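Numbered from 1 within each chain, the chains take letters A, B, ... in sequence-line order. Only a predicted model underlies this, so the values are computations on that prediction, with no experimental measurement involved.
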2 protein chains.
Amino acid sequence: MKKKVNIKDIARLANVSHTTVSRALNNKSRIRPETKERILSIARQLNYRPDFIARSLVMKRTKTIGLVITTIANPFYTELSQGIEMTARELGYNIIFCSTNYDLSTEKQYIEMLRSKGVDGIIFTSAHIGDPNIMELADEGFPIILVNRRTYHLKVKERVDYVGVDNLLGGYMAVEHLIRLGHQRIGVVGGSSESSVGFERLEGGKRALKAYGIEPREEYFLEGNFLRESGYQGGKKFLQMVDPPSAIFATNDYMAIGVYQALIEEGVRVPEDIALIGFNDIELSGIKGIDLSTIGQKKFEMGAIATELLVKRIEGSETGPPKEIFLRPELVIRKTCGYDLKGYQVEPKYLNEASFKVDYMIKD
Amino acid sequence: MKKKVNIKDIARLANVSHTTVSRALNNKSRIRPETKERILSIARQLNYRPDFIARSLVMKRTKTIGLVITTIANPFYTELSQGIEMTARELGYNIIFCSTNYDLSTEKQYIEMLRSKGVDGIIFTSAHIGDPNIMELADEGFPIILVNRRTYHLKVKERVDYVGVDNLLGGYMAVEHLIRLGHQRIGVVGGSSESSVGFERLEGGKRALKAYGIEPREEYFLEGNFLRESGYQGGKKFLQMVDPPSAIFATNDYMAIGVYQALIEEGVRVPEDIALIGFNDIELSGIKGIDLSTIGQKKFEMGAIATELLVKRIEGSETGPPKEIFLRPELVIRKTCGYDLKGYQVEPKYLNEASFKVDYMIKD
DNA sequence: ATTGAATGCGTTAACGTTAACATCAAATTA
DNA sequence: TAATTTGATGTTAACGTTAACGCATTCAAT
């Protein structure tokens with residue numbers, strides 16, 4: 001493997017100092033156009049490739065962003081990641097991919113790595129609700145952004161941006177839709193309580209019940225973990241009840257599909273016997289044979305917005321107070337809920353107080 | 001933001017030279033245990049975090065690997081990526097994620113980036129069959145590995161490792177299975193001819209036809225692009241024929257599902273009227289309501305093996321001639337093919353000549 | 001005791017780049 | 001014409017680390 005050419009090699013051939021070469025390469029001012037041209041042409045001839053490592057060492061910038069995710073096995077994160085990666089590329093950044101598999105110490109380890117490697121910022125797509133790692137980063141003023149899930153720490157809220165769908169509204173929409181279809185006995189399979197989105201979607205659902213004067217029944221609220229299996233278990237559990245719900249809201253599509261499997265396995269017709277709605281609108285949900293009603297969100301866009309904002313923070317073109325950006329969820333009605341309410345609109349009165357009131361913030 | 005501590009800061013406090021600190025941190029020999037302990041404890045106190053950039057600059061190693069992929073939208077690549085990322089982590093490497101969206105110039109751009117950033121090697125999961133970028137890298141002796149798809153360039157073959165499923169065998173198994181179910185009119189929706197896997201799976205299918213003395217019919221071979229839509233189109237096309245096939249092999253599951261949708265949309269029963277088999281065994285295929293028969297492959301493992309091998313090449317612990325590692329495909333029989341041949345075994349005589357004979361190599 | 005190796009550490013340079021400052025000539029101004 | 005600015009370039013240092021080499025001191029072997 002032949003030696004890599006550096007700016008000094010170019011300098012020698014061009015009869016200038018290496019600084020001048022640097023100036024030419026980064027097209028700075030204070031250089032004669034002819035000199036610059038000469039240098040550039042030599043660089044091209046030598047097939048010069050700048051060494052970002054050396055550059056990073058002096059500039060303290062790597063043009064690299066860390067992406068911390070629990071797992072891309074969930075297609076929701078896949079699409080989110082795509083939005084992130086493509087936007088990063090457009091802005092001249094690379095993404096170091098870190099999947100934690102829901103383990104906080106792996107996350108910690110990754111964060112250490114990323115910082116050692118000098119990433120300019122980190123995107124968290126699936127923050128644990130009281131994540132200490134994120135706290136610490138926020139505390140130090142390290143550039144991070146929370147996407148999709150968030151923590152409720154005051155310290156974090158005061159310092160980091162957040163981009164996500166309005167999960168409270170989404171949960172509200174899902175349950176309101178079921179109510180409008182005439183359902184009164186509504187079961188919910190929630191996500192992990194470690195996750196803000198699970199919490200908020202559930203809370204939204206509860207608010208819908210309240211808004212329509214339906215007394216919530218304790219036994220109708222099951223906690224899952226966002227995986228299909230837990231939806232499946234939930235479905236089975238509901239069916240064992242003497243008075244099972246007539247409609248089920250699962251707080252993500254994976255669990256909804258699990259519920260679906262449990263139901264049809266027991267010979268229950270969906271939606272005739274029990275209606276079903278999920279959350280996320282992953283690709284699978286739209287497939288014929290599944291046809292899951294769900295709450296859709298713009299995942300790709302979400303990733304793009306987050307990346308853009310983080311880069312702005314990194315480059316200093318955005319310096320204002322932390323933002324909370326809530327994307328609008330969208331009701332996607334498919335077979336598992338019936339098609340009879342296509343022109344559905346969210347209650348306007350609710351919309352006015354739409355965005356999530358964070359009254360259960362963690363103070364420490 | 002307070003200044004980062006470096007080894008010189010530690011050195012000052014420990015009353016040693018910075019070199020000694022470096023020795024302690026990298027637990028090299030030629031240092032007194034007590035000194036080392038003292039330094040380490042100071043480092044811990046100061047919350048020292050090594051600067052990998054500076055280290056990389058002198059060591060010419062970044063402990064970072066580039067992952068070039070077309071798109072993770074396809075769940076096959078998702079799982080493959082997981083295997084890659086997790087293995088990399090275990091080996092102390094990070095992954096820079098690059099999705100090219102099937103565009104060779106984007107790929108080129110990414111490769112330049114990766115090299116500028118000094119990655120130690122690059123993994124290509126979806127090499128274009130005659131990819132010039134890969135040729136160039138191979139030519140320069142830059143550490144790369146091909147996973148899943150490969151090129152047929154002699155130069156590449158002579159220099160870079162490849163890990164993939166035995167696609168020829170897989171294609172053979174798929175079609176052989178259909179034949180054994182009694183089918184004679186077998187249609188194939190192939191993948192892009194730019195891709196080795198599409199080519200090889202198709203070729204395997206053809207060999208099965210030949211082995212069983214079935215005359216291949218030109219109009220039964222359709223070319224798709226691995227996306228669902230193209231399978232859908234293919235399905236429709238088949239149904240318009242006066243004498244449509246009685247069984248269809250789609251060279252990946254996405255297309256197979258597309259075919260499936262087209263068929264049920266036209267009221268064709270699967271498998272009663274037309275049998276169907278795919279390739280990859282993505283998660284979706286196992287879902288109730290889809291139940292696609294398919295050829296399975298160990299995607300996660302594939303990524304793991306590739307990563308491990310690449311790292312070995314990088315670190316010099318593997319120096320032999322390039323390897324071609326073929327993983328064994330697995331017949332996964334579900335509803336779309338019927339369950340009557342569960343104890344299926346590949347023809348032993350075929351197995352003996354199993355692995356892919358590369359007689360259509362590109363010489364230049 | 002004398003030599004030789006091993007041990008523990010320091011000094012200096014190097015990696016490839018950018019940035020601060022210096023220099024000198026040409027151009028502009030007073 | 002002299003003084004000052006501007007423009008084009010060079011010199012040197014710095015970023016934080018590892019590596020090569022050197023120099024004492026200690027220890028073992030003769």
Short N/O separations, protein against nucleotides 14-17 of chain C, under 3.5 angstrom:
| unit_1 | atom_1 | unit_2 | atom_2 | d |
| --- | --- | --- | --- | --- |
| C/dC15 | O3' | B/K60 | NZ | 3.2 |
| C/dG16 | N2 | A/A54 | O | 3.4 |
| C/dT17 | OP1 | A/Y48 | OH | 2.3 |
| C/dT17 | OP1 | A/D51 | N | 3.3 |
| C/dT17 | OP2 | A/I7 | N | 2.7 |

Set out, line by line, the N/O atom pairs under 3.5 Å between protein and nucleotides 4-9 of chain C.
| unit_1 | atom_1 | unit_2 | atom_2 | d |
| --- | --- | --- | --- | --- |
| C/dG8 | N7 | B/R30 | NH1 | 3.1 |
| C/dG8 | O6 | B/R30 | NH1 | 3.2 |
| C/dC9 | OP1 | B/T35 | OG1 | 2.8 |
| C/dC9 | OP2 | B/R32 | N | 2.7 |
| C/dC9 | OP2 | B/T35 | OG1 | 3.0 |

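Taking 4.5 Å as the limit, every side-chain heavy atom of B/L310 sits out of range of all side-chain heavy atoms of B/T307. The shortest distance between side-chain heavy atoms of B/D161 and B/L146 does not fall below 4.5 Å. Looking at heavy atoms from C-beta onward, A/K299 lies in side-chain contact with A/F76 at the 4.5 angstrom threshold.
Among all heavy-atom pairs drawn from A/A24 and A/I39, the shortest one is CB-CG2, 3.7 Å.
Not counting sequence neighbours, the partners of B/E112 by the salt bridge (Lys or Arg N to Asp or Glu O under 4.0 Å) test are A/R49. B/S99 is linked by a side chain to side chain donor-acceptor pair (under 3.5 Å) to A/E85, counting only residues two or more places apart in sequence or in another chain.
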Please tabulate, one pair per line, all N/O donor-acceptor pairs under 3.5 Å involving side-chain atoms of residues 115-136 of chain B, not counting sequence neighbours.
| unit_1 | atom_1 | unit_2 | atom_2 | d |
| --- | --- | --- | --- | --- |
| B/R115 | NH1 | B/E140 | OE1 | 3.3 |
| B/R115 | NH1 | B/E140 | OE2 | 3.3 |
| B/R115 | NH2 | B/E140 | OE1 | 3.0 |
| B/S116 | OG | A/P50 | O | 2.8 |
| B/K117 | NZ | A/T62 | O | 3.2 |
| B/K117 | NZ | A/K63 | O | 2.6 |
| B/K117 | NZ | A/T64 | OG1 | 2.9 |
| B/K117 | NZ | A/N94 | OD1 | 2.9 |
| B/D120 | OD1 | B/T62 | N | 2.9 |
| B/D120 | OD1 | B/T62 | OG1 | 3.3 |
| B/D120 | OD2 | B/T62 | N | 3.4 |
| B/D120 | OD2 | B/K63 | N | 2.7 |
| B/T125 | OG1 | B/V68 | O | 3.3 |
| B/S126 | OG | B/T70 | N | 2.9 |
| B/H128 | ND1 | B/G130 | N | 3.3 |
| B/H128 | NE2 | B/E194 | OE2 | 2.8 |
| B/D131 | OD1 | B/N133 | N | 2.7 |
| B/D131 | OD1 | B/I134 | N | 3.1 |
| B/N133 | ND2 | B/L104 | O | 3.3 |
| B/N133 | ND2 | B/E107 | OE2 | 2.9 |
| B/E136 | OE1 | B/K108 | NZ | 3.1 |

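Side-chain contact check for B/S22 and B/T19: no donor-acceptor pair (N or O, by modelled atom type) lies under 3.5 Å. A donor atom on one side chain and an acceptor atom on the other are not found under 3.5 Å apart for B/S81 and B/T78. In the model, A/Y48 has no side-chain atom that pairs as donor or acceptor with a side-chain atom of A/N6 under 3.5 Å.
The base of C/dT11 is paired with the side chain of B/T19 by a donor and an acceptor separated by under 3.5 Å.
Between its opening and closing five pairs, the helix from C/dA1-D/dT30 to C/dA30-D/dT1 changes axis direction by 40°, a value rounded to 10 degrees.
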